[in-house]
Amino acid sequence: MLTRRSALFGTAMAALMFSVPAFAAADLDLPREKATLVAPPFVMTHEQATKAGPKIVEFTLTIVEKPVVIDEQGTTIPGMTFDGSIPGPMMVVHEGDYVEVTLVNPATNSMMHDIDFHAATGGLGGAELTQVNPGEQAVLRFKATRSGVFIYHCAPGGPMTPVHVVSGMSGTIMVLPRDGLKDQNGKPLHYDRVYYIGESDFYVPRDEKGNFKSYTEIGESMPDMLDVMQKLTPSHVVFEGKVGALTGKSALKANVGETVLIVHSQANRDSRPHLIGGHGDYVWERGKFANPPQVDQETWFIRGGSAGAALYTFRQPGVYAYVTHNLIEATLLGATAHFKVEGKWNDDLM
Ligand SMILES: [Cu+2]
């Protein structure tokens, strides 16, 4: 279901132009809740399980086109983002809830955008229904019928779809089972913390000397960037939009004994997360919670165009690197995060 309001044409004209069924707030007699999104690696406040019935959860995603620095040398891309972060914020609902998203494309932007939800059922995941030019906004509502972590991304069509995705426009929605996560025997699982790690591949053109070129305008970078993209060899593979975004002072935190849910998304390319010195106690490699998790995992696989989830209880203090175990990508291209874990050392384990 959809409504659209256009700053360009005014509401009356928009109603004529887009003759979609009237969007009556009363058509679903369900409670409504406004979600407050937060920038990754953090995740909006949510309940891990609920006894309440389904509701309509309202989200607003604002598209922000802005220059984004993606490495420590200051290489700048003309970023396109949901809510200003790469990846976009993680949305959380429960299975059976209705997701109602207002997608805002401010008049200050220059491009048309939309959103394709892999969690949604219906043509193009809502992308066609949410096409918004600068100065427009659209409201899309879909029912979250399957549990799991799912990608959302911009999909304006043709080569613009990968251009927008590799410029930053993807994120994840987590649809939790109403009674929460469960192990392979159906026993409830809980987490003390949840982190959302969004992996991106960037394709930055180089100058005659081999140095990365910086751009602020997408129109300016696109022809060169398409050349790099066609070689399928990214210049950067990073977490949270930048080399080093989750290392050093920005390392993810946890304590010994805490259970951490790590959600990992990759909208465009395959990845192989590995926690150096730890494991995946429970891993939903394909990210879909109706399937039993695999236990005691070493390295798991995130297919391009999907998100996966891993649950791990830290047992030892220290700094744990979380990498894609293509070690070239982890060390030379940027795909490394750190978990800084505090607590008491266990001599028995090491
Ligand atoms: Cu877009």
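All ligand and atom numbering here is 1-based and tracks the order in the structure. Bear in mind that the values here come from a model prediction, so they are computed numbers and not experimental data.
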Cation over ring face, K231 and Y203, 6.0 Å, 45°: no
Mutual orientation of the aromatic rings belonging to F212 and H236 [parallel < 30°, tilted 30-60°, perpendicular > 60°]: tilted
Flag side-chain contact, heavy atom, 4.5 Å: V68 against I70: yes
Q137 side chain to V132 backbone, donor-acceptor under 3.5 Å: no
Nearest-0.5 Å distance that lies between atom OG1 in T161 and atom CG in D114: 7.0 Å
Greater than 12 external heavy atoms within 6.0 Å of L349's CG: yes
Listed protein N/O/S atoms, distance to the Cu ion (ligand 1) under 2.8 Å: H113 ND1, C154 SG, H164 ND1, M169 SD
